[in-house]
Number of protein chains: 2
Amino acid sequence: MVTRKEVALQAGVSESTVTRVMNGGYVSPSVREKVAKVIEEMNYRPNLFAQGLRTKRTYQIACIVPSIDNPFYGEVMQGIEEVAIEHGYVLSMYSSRVVNKSPGRSFFSGRNDAVILLSPGESRGWLLRDLWEAHMPLATFWDWETEAPSPSVSVDLRIGMQAAVEHLVSLGHRDIGYIGYMNPARAETDRNPRLTGFKESMAAHGLRTHPDQFQYTADRGSLDAGYHGVEELVGKFPGLSAIVTSNDLLAFGAIRWLEEHGIHVPEDISVVGCDDIAYSALSNPPLTTIAIPKREVGNHLMNLVLSLIESRKSHHDGSEHIQVPIELVVRSSTAVKRTNTE
Amino acid sequence: MVTRKEVALQAGVSESTVTRVMNGGYVSPSVREKVAKVIEEMNYRPNLFAQGLRTKRTYQIACIVPSIDNPFYGEVMQGIEEVAIEHGYVLSMYSSRVVNKSPGRSFFSGRNDAVILLSPGESRGWLLRDLWEAHMPLATFWDWETEAPSPSVSVDLRIGMQAAVEHLVSLGHRDIGYIGYMNPARAETDRNPRLTGFKESMAAHGLRTHPDQFQYTADRGSLDAGYHGVEELVGKFPGLSAIVTSNDLLAFGAIRWLEEHGIHVPEDISVVGCDDIAYSALSNPPLTTIAIPKREVGNHLMNLVLSLIESRKSHHDGSEHIQVPIELVVRSSTAVKRTNTE
DNA sequence: GAACGATATGAATTCGAAATCATAAATGCC
DNA sequence: GGCATTTATGATTTCGAATTCATATCGTTC
């Protein structure tokens, strides 16, 4: 690898001058041109380690996602990327699985200028604390209104769930089931805005709910979970005319099982999902779902982190919180409740 | 950030000794224990830049993917990750969109120990060359048998396409359409194993093909492309009884359009996809598709890169090529050709 | 034309760890 | 018990750039 020293030698100037040509400073036009030419010819590229050692800047920001093959997070990351690139930053993504298993705990530190945590609940408990203690600039994304210590972007799924339930009720549904992800380490309603929102809305409409109407899965965002989830659900509570799921993937899995068993969506049972991933608009049937503006969320996150870096602060003071509004997108997986004889 | 110097001071030893405690070397048990304790207490973590500057190792490997929200690549990356983590490496992912737009061209260099390129064709031409010239350890994934200069993993889609066509022909189909991604910068059959394989197989079965049977899209892996693709295709070639698409996403989009227009899959038209992404098994209908063992591909890629790093070689000599076998998975989007009156 | 500020360049120091070199104490060997 | 090894530790150099410090030249200005 060619170093600054070699460039200086070749151009017949001091190393300092090479630096000035690269980073600005007093250099006469003639010298500047000469040196620039040599740099180009030798294809000189400053060593990031040396640079980073001095400046403490990497221009790389880390994004930790629960799972890389979940399209929801993919779309959020697109949004992050857009802004990152605009500002000359590189985005590096790590899955929290890896982060959790990683031997050196806070390995981002020193390697990234900041980190963005998507759904921090999925990462081991110490992660947030570690980052905090390391004074690492940090922004987080949550799916509930939060008192997060770091700047954050959030989305109020409770409101989303209200809209979903309202929509179903307006179609005449009263026996509505729920299939949702639930972190096994947590209590039922502890920080589970989807579930909480669902229950609240049901109550608000005067609809009693029975425990059998709920089906939980520990497998976030898996199709299989949805597939087997409905199976159990309709088994223990056969009277359902509609189902709400805590994400689109679950909904797809559920629809599949239903179709395989001759139960048609939406004719026999209505299904509403949550997230509105790209596929949802073109699935069969197109899914009624709670739409989260993923790209926008990503944009906000990156901007938050950017301003932290610029101001050289970490998160230890008045944090900014941005709440992104969401809305129900009605498509074809929901319909008026059937009233014919059973 | 606490440095080695401070630790040394606190523990009453020299900096060298601290290093020895951390990285191995002659240290008496008593001193080792004492220093280790101080390290723990002060939560000392070596500076990656200083470390990297000296050792030229980052323990981070870069993976460049055409688009992060494509589940296909997500699954490959899972496979890469599995192996990476086992060996203490961190995986950082970059989308080629970003890489292409990035100002500093070879920004991985110095930041990553190696790079894995998925579908290099999607990245700007200079990328491969740049990495090559920088002697960066490199492994690539291609969807055709290749004479790639770097160690590589590939998959022979021509064989996959043969299986697909054979399957359809055995079901009685003769008028088979094709919807596929095509890099606009390339000639029709230039390095397009899917298309080539399709044409060859058709010919092998004595089936003539008309240009109108083909529909190309410049939008790799998009649902919309599939949606609008079939529309055009059936418009210009109405007699089709089956369609082959170059990836599952296109297939889903196509199925959606067909269903919306009262054309049922597989009763009226059979559809086969390619990739077998997670969703395909539970889509509606479950998709017949050419299955690529994505996780396995990822494992191989990481192993290749690992051995390059270990042997401190880049790719400039006898490169290893691994061809991963693929097979057609028959599900419910294909059926015997309808023979009733039209 | 002496003095001052702006322009232009080179030399020395610094970042934090690893690697090399140097030295001291403990141990083994004949 | 003297000398060669091991064992154990400290001092010095090095990695490659940024930053600070020092110096030299050129214009202005009065």
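Per chain, numbering begins at 1; letters A, B, ... match sequence-line order.
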Closest of dG16(D), dA18(D), dA11(D) to the Ser16(B) side chain is dA11(D)

Could I get the full list of side chain to side chain contact (heavy atoms under 4.5 Å, CB included) partners for Glu41(A), not counting sequence neighbours? Lys37(A)

So Val18(A) and Val13(A), side chain to side chain contact (heavy atoms under 4.5 Å, CB included) or not? Walk me through it. CA-CA 7 Å; Val18(A) 177; Val13(A) 297; 4.0 Å; yes

Please test Glu81(A) against Ile85(A) for side chain to side chain contact (heavy atoms under 4.5 Å, CB included), starting from the C-alpha separation and ending with a verdict. CA-CA 6 Å; Glu81(A) 227 178 27; Ile85(A) 198 177; 5.8 Å; no

Once you round it to whole Å, what is the distance between P of dC21(D) and CZ of Arg20(A)? 14 Å

In this structure, how many angstroms lie between the P atom of dC15(D) and the CD atom of Gln51(A), rounded? 18 Å

Can you give the first and last nucleotides of DNA chain C, 5' to 3', that have an atom under 4.0 Å from a heavy atom of chain A? dT7(C) to dG16(C)

Single hit among Tyr73(A), Phe141(A), Phe72(A) for side-chain contact (heavy atoms from CB on, under 4.5 Å) with Val65(A): Tyr73(A)

Result for 5'-nearest mapping on DNA chain D, choosing between Thr17(B) and Lys56(B), is Thr17(B)

Nucleotide N/O of nucleotides 24-28 of chain D paired with protein N/O under 3.5 Å:
none

5' priority, DNA chain D, between Gly12(B) and Leu53(B) [closest heavy atom]: Gly12(B)

Base, sugar-phosphate alone, or nothing: which one does Val18(B) contact when heavy atoms must sit under 4.0 Å apart? nothing

Provide the closest heavy-atom pair for Val153(A) versus Val324(A) in the form atom of the first, atom of the second, distance. CG1-CG2, 3.7 Å

Could you check which residues of residues 23-30 of chain A get a heavy atom under 4.0 Å from DNA chain C? Sort them by number, please. Tyr26(A), Val27(A), Ser28(A)

Rounded to the Å, how far apart are Lys5(A) NZ and dA18(D) C1'? 16 Å

Enter the inter-axis angle for the ends of the helix from dG1(C)-dC30(D) to dC30(C)-dG1(D) (five pairs per end, rounded to 10°). 40°

So, taking the atom named CZ in Arg45(A) and the one named CD1 in Ile39(A), what distance separates them when rounded to the nearest 0.5 Å? 10.5 Å

Heavy-atom nearest pair, Leu91(B) first then Tyr94(A), reads O-CD2, 3.3 Å

Between atom OH in Tyr44(A) and atom C1' in dA18(D), what is the gap in whole Å? 10 Å

Under 4.0 Å between any heavy atoms, over every strand shown, what does Val31(A) touch: base, sugar-phosphate, or nothing? Just pick one. sugar-phosphate

Minimum heavy-atom distance Pro46(B)-Gln51(B), with the two atoms named: CB-OE1, 3.7 Å

Could you tell me the separation between the CZ atom of Phe49(A) and the C1' atom of dT14(D), rounded to a whole number of Å? 16 Å

Check whether the side chains of Thr58(A) and Asp113(A) place a donor and an acceptor atom closer than 3.5 Å, and report yes or no. yes

Nearest heavy-atom pair of Met136(A) and Ala114(A): which atoms, and what distance? SD-CA, 3.8 Å

For the student: nearest non-hydrogen atoms of Val83(A) and His87(A), plus distance: O-CD2, 3.1 Å

List for me each residue that meets side-chain hydrogen bond (donor to acceptor under 3.5 Å, both in side chains) alongside Arg4(B), sequence neighbours excluded, and say none if there are none. Glu15(B), Thr19(B)

To check you understand the geometry: which heavy-atom pair defines the closest contact between Ser150(A) and Leu138(A), and what is its length? CB-O, 3.6 Å

Spatial distance of atom CG (Leu118(B)) from atom OG (Ser67(B)) [nearest 0.5 Å]: 10.5 Å

Does a side-chain N or O from Thr55(A) land closer than 4.0 Å to OP1 or OP2 of dA18(D), or not? no

